[in-house]
Amino acid sequence: RAAISYNEDAAEEQIPATDSYIWCSQCNAQQYNGCELHPPLFASLDDFNLKIEKSAVAKNAGEGVFNRGEVLKEGTVFGPYEGKFYTKATYQKKIQAGEESGNAWEIKDQDGQKVVAYIDPGNGKSLDPKVHWLTKINCATNSYAQNMVGFQLHGQIYYRVTQDIV
């Protein structure tokens with residue numbers, strides 16, 4: 001049998017990528033791939049009674065996502081945000097051509113410093129409400145009304161519930 005040996009001087013410190021963390025409000029800290037003590041619930045549209053309806057959050061807000069069932073608990077995570085992946089250079093051409101959908105999310109490098117790509121589901125009637133329902137989440141009109149936050153995890157976009165949604 002061969003002996004297993006470990007050379008502490010030769011070992012490299014492995015630092016996880018910035019987009020490998022999920023916020024845990026109970027620990028008040030970013031946790032690698034989510035908190036082990038308070039694991040996030042990864043959920044989908046079908047897991048709750050969420051409805052896409054006309055929104056009155058602001059003039060011309062269009063549609064929004066509304067909870068019509070059980071309480072969505074703080075820490076619940078939805079996603080990933082579905083769409084076509086574009087390199088930064090390709091998406092810049094879409095912007096210059098006036099083809100930006102208004103629904104795209106920037107994807108940053110693993111250090112969270114530079115935009116490297118975009119996820120864009122498109123817009124209009126081509127969006128399937130069952131697949132692209134996260135595009136219907138509207139911005140809150142003030143910080144007290146905000147109940148979700150978007151974040152990047154392993155190169156994809158997710159939404160985390162920041163306060164219980166009744």
From CG (N123) to CD (E100), nearest 0.5 Å: 10.0 Å
Closest approach of P40 to G75 (non-hydrogen atoms, all atoms of both residues): CB-O, 3.7 Å
Contacts of type side chain to side chain donor-acceptor pair (under 3.5 Å), residue T162, not counting sequence neighbours: none
Transitive ILVMFWY side-chain link Y32 to W23, under 4.5 Å: no
Value rounded to 0.5 Å, distance of NZ in K93 from NZ in K88: 14.0 Å
Any pair counted as salt bridge (charged side-chain N to carboxylate O under 4.0 Å, His left out), so long as it reaches residues 60-69, sequence neighbours left out: E53-R68, E63-K136
T87 side-chain N/O to T90 backbone N/O, donor-acceptor pair under 3.5 Å: yes
D111 side chain vs Q113 backbone, donor-acceptor pair below 3.5 Å: no
Spatial distance of atom CG (N147) from atom CD1 (I137) [nearest 0.5 Å]: 8.5 Å
For L37, the rest of its hydrophobic cluster, which grows through side-chain links under 4.5 angstrom: none
Donor-acceptor pair, side chain of E70 and main chain of F48, under 3.5 angstrom: no
Nearest non-hydrogen partners of Q31 and C24, listed with the distance: CG-CB, 3.9 Å
Distance in Å, K108 NZ paired with E106 CD, rounded so as to fall on 0.5 Å steps: 5.5 Å
Residue list, salt bridge (Lys or Arg N to Asp or Glu O under 4.0 Å) with K73, at least two apart or on another chain: D164
Fellow cluster residues of F151, listed by chain then number, with links counted only when side-chain atoms sit under 4.5 Å apart: I22, F42, V77, L153, Y158
Side-chain (N67) to main-chain (I165) donor-acceptor, under 3.5 angstrom: yes
Residues which pass side chain to side chain donor-acceptor pair (under 3.5 Å) with N33, listed by chain and number, not counting sequence neighbours: H154
Reported OG1-to-CG distance for the pair T135 and N103, which is rounded to 0.5 angstrom: 5.0 Å
Common cluster, L72/L134, ILVMFWY with side-chain heavy-atom separation under 4.5 Å: yes
Inter- and intrachain pairs under salt bridge (charged side-chain N to carboxylate O under 4.0 Å, His left out), touching residues 16-26, at least two apart: none
Remaining members of hydrophobic cluster (4.5 Å side-chain criterion), Y86: Y91, I95, V115, Y118
Pairs touching residues 121-149 that satisfy ring pair (Phe, Tyr, Trp, His ring centres under 6.0 Å), sequence neighbours left out: F78-W133
More than 12 heavy atoms of other groups within 6.0 Å of E82 CD: yes
Within 6.0 Å of CD in E99, more than 12 heavy atoms from elsewhere: yes
Expected output: side-chain N28 to main-chain S25 donor-acceptor under 3.5 Å: no
Inter-residue atom distance K130.NZ - L45.CG, 0.5 Å rounding: 5.5 Å
Salt bridge (charged side-chain N to carboxylate O under 4.0 Å, His left out) contacts in which one or both residues fall within residues 154-163, not counting sequence neighbours: E74-R160
Nearest atoms (heavy-atom pairs only) where I119 meets P121: O-CD, 4.0 Å
Residues forming a side chain to side chain donor-acceptor pair (under 3.5 Å) with W105, sequence neighbours excluded: Y159
Minimum-distance pair of heavy atoms, taken over all atoms of G64 and S55: N-CB, 3.8 Å
ILVMFWY clustering at 4.5 Å (side-chain atoms), partners of F66: none
